[in-house]
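Nothing fancy with the numbering, it's 1 onward along the sequence. Model, not experiment: these values are computed from the prediction.
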Amino acid sequence: MPIKIAPSILSADFGAFAEATEELSAAGADYIHIDVMDGHFVPNISFGAQLVRALRPVTQTSFDTHLMIERPEQYVTEFAKAGSNIVTVHPETTYHLNRLLHQIKDAGAKAGVALNPSTPISAIEWVLGDLDRILVMTVNPGFGGQAFLPEMLQKIHALTELRAAHGLRFEIGVDGGINADTAPLAAKAGADTLIAGSAVFHHPEGLADAITELRRLANAAAPPEPRRSGTR
Ligand code: DX5
Ligand code: ZN
């Protein structure tokens, strides 16, 4: 399976989310990544479920909603019902991760967790079988446009080994600082999906060329098939 590209609309013009979403879909984005920030778990505030609901009629492309919020149990159902195909939470934000993942699935979405750079894989050891997606944060979440942390390549690779060893199928996403230089590194380490904000929205040739370029560079660097999964 080719590596998937998930542009983050956090880097879009906030006055034109619908137009950006349409343009990304037409350009062949595999998912639209929607970064939700509450000003508590991360320093920044972005947008909420109302935006997901408003954008849902604009496209058939899957919405990949990344919740960087405290008390996620109060909101995941709403985000799923609003039209998120994947809802990703941070394990640090909840006492009952297993229950939260099942709450997401019961609401009709796929369930993911995002690991902060300092969060070890062991934090999710006992929910691995419940996960559709693991997002390796390659920046500290909160803002677009930060530099990729190369130490995280080892974490990506370790997840591919864990997945193979346990016969699991979760997708590995990589989020933060992805550009033409870092996309091949993440792909080589075993990423299935690359999230990219600045590199897509600030590309001099526009969104479509940015997506095509990232996909080409990533696929050229990816290891042979059996190392990757990409369940969907
Ligand atoms: C960071 C977000 C990322 C971010 C990616 O808190 O989770 O999805 O928007 O943006 P770039 O690609 O600019 O690092
Ligand atoms: Zn994100």
Side-chain angles (χ1 to χ4, degrees), residues 1-8 11 24-33 35 61-64 66 85-86 88 110-117 119-121 124 128-129 131-139 141 144-203 205-232:
M1 275 245 276
I3 290 185
K4 296 182 183 131
I5 305 296
S8 166
S11 297
L24 290 170
S25 297
D30 295 288
Y31 303 102
I32 309 286
H33 187 82
D35 282 309
T61 304
S62 288
F63 285 167
D64 156 21
H66 177 191
N85 301 81
I86 307 178
T88 295
K110 288 180 175 154
V113 294
L115 298 177
N116 277 342
T119 302
I121 294 171
I124 54 167
L128 283 174
L131 295 173
D132 297 303
R133 135 87 72 90
I134 298 175
L135 205 53
V136 177
M137 296 307 302
T138 39
V139 297
Q146 303 181 82
F148 185 88
L149 296 169
E151 312 88 275
M152 295 301 115
L153 292 170
Q154 221 182 317
K155 195 188 264 183
I156 299 165
H157 180 67
L159 283 171
T160 66
E161 304 224 300
L162 200 60
R163 181 174 61 191
H166 294 269
L168 295 170
R169 294 177 53 79
F170 56 78
E171 179 188 66
I172 300 172
V174 176
D175 189 9
I178 291 290
N179 56 36
D181 295 325
T182 57
L185 305 177
K188 188 165 180 237
D192 302 300
T193 296
L194 301 178
I195 287 76
S198 320
V200 169
F201 281 94
H202 303 154
H203 194 284
E205 309 301 328
L207 306 184
D209 278 14
I211 292 171
T212 307
E213 182 182 46
L214 286 176
R215 195 181 273 128
R216 177 175 55 78
L217 293 168
N219 281 308
E225 273 306 315
R227 280 268 313 281
R228 306 210 318 268
S229 156
T231 49
R232 44 227 99 224

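- Pairing each heavy atom of Thr182 with each of Gly177, the nearest pair is OG1-O, 2.8 Å.
- Between Val113 and Thr88, the shortest heavy-atom contact is C-CG2, 3.5 Å.
- Applying the side chain to side chain contact (heavy atoms under 4.5 Å, CB included) rule to Ala218 yields the partners Ile3, Ala187, Leu194; only residues at least two apart in sequence or on another chain are considered.
- One finds the CZ atom of Phe148 at 10.5 Å from the CG atom of Asp181 (value rounded to the nearest 0.5 Å).
- Side-chain contact, His33 with Asp35: a donor N or O sits under 3.5 Å from an acceptor N or O.
- Contact of the Asp192 side chain with the Phe170 side chain is not registered, since no non-hydrogen atoms from C-beta on lie closer than 4.5 Å.
- Closest heavy-atom contact between Gly197 and Ser11: C-OG, 3.2 Å.
- Scanning all heavy atoms of the two residues, the minimum distance from Ala183 to Ile178 falls at CB-CG2, 4.1 Å.
- Around CD of Glu151, the count of heavy atoms belonging to other residues, nucleotides or ligands within 6.0 Å exceeds 12.
- With sequence neighbours left out, Thr193 forms a side chain to side chain donor-acceptor pair (under 3.5 Å) with Glu171.
- When every heavy atom of Val174 is checked against every heavy atom of Ala186, the shortest pair comes out as CG1-CB, 4.1 Å.
- Taking CG of Asn116 as the start and CG of Leu135 as the end, the distance is 10.0 Å to the nearest 0.5 Å.
- Shown here are the side chain to side chain contact (heavy atoms under 4.5 Å, CB included) partners of Leu115, two or more places apart in sequence or in another chain: Pro91, Thr119, Ile121, Ile124, Ile134, Lys155.
- Partners of His166 by side chain to side chain contact (heavy atoms under 4.5 Å, CB included), not counting sequence neighbours, listed by chain and number: Leu162, Leu168.
- In this structure a side-chain-to-backbone donor-acceptor pair under 3.5 Å is missing from Asp132 to Gly112.
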Which donor-acceptor pairs under 3.5 Å do side chains of residues 207-217 form with protein atoms, sequence neighbours excluded?
{"from": "Thr212", "atom 1": "OG1", "to": "Ala208", "atom 2": "O", "distance (Å)": "2.8"}
{"from": "Glu213", "atom 1": "OE1", "to": "His203", "atom 2": "NE2", "distance (Å)": "2.9"}
{"from": "Arg215", "atom 1": "NH2", "to": "Gly28", "atom 2": "O", "distance (Å)": "2.7"}
{"from": "Arg215", "atom 1": "NH2", "to": "Asp30", "atom 2": "OD2", "distance (Å)": "2.9"}

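- The minimum heavy-atom distance linking Ile172 with Gly190 is given by the pair CD1-O, 4.2 Å.
- A search for side chain to side chain contact (heavy atoms under 4.5 Å, CB included) contacts involving Gln146 returns Val139, Phe143, not counting sequence neighbours.
- Between Ser62 atom OG and Lys110 atom NZ the span is 7.0 Å, to the nearest 0.5 Å.
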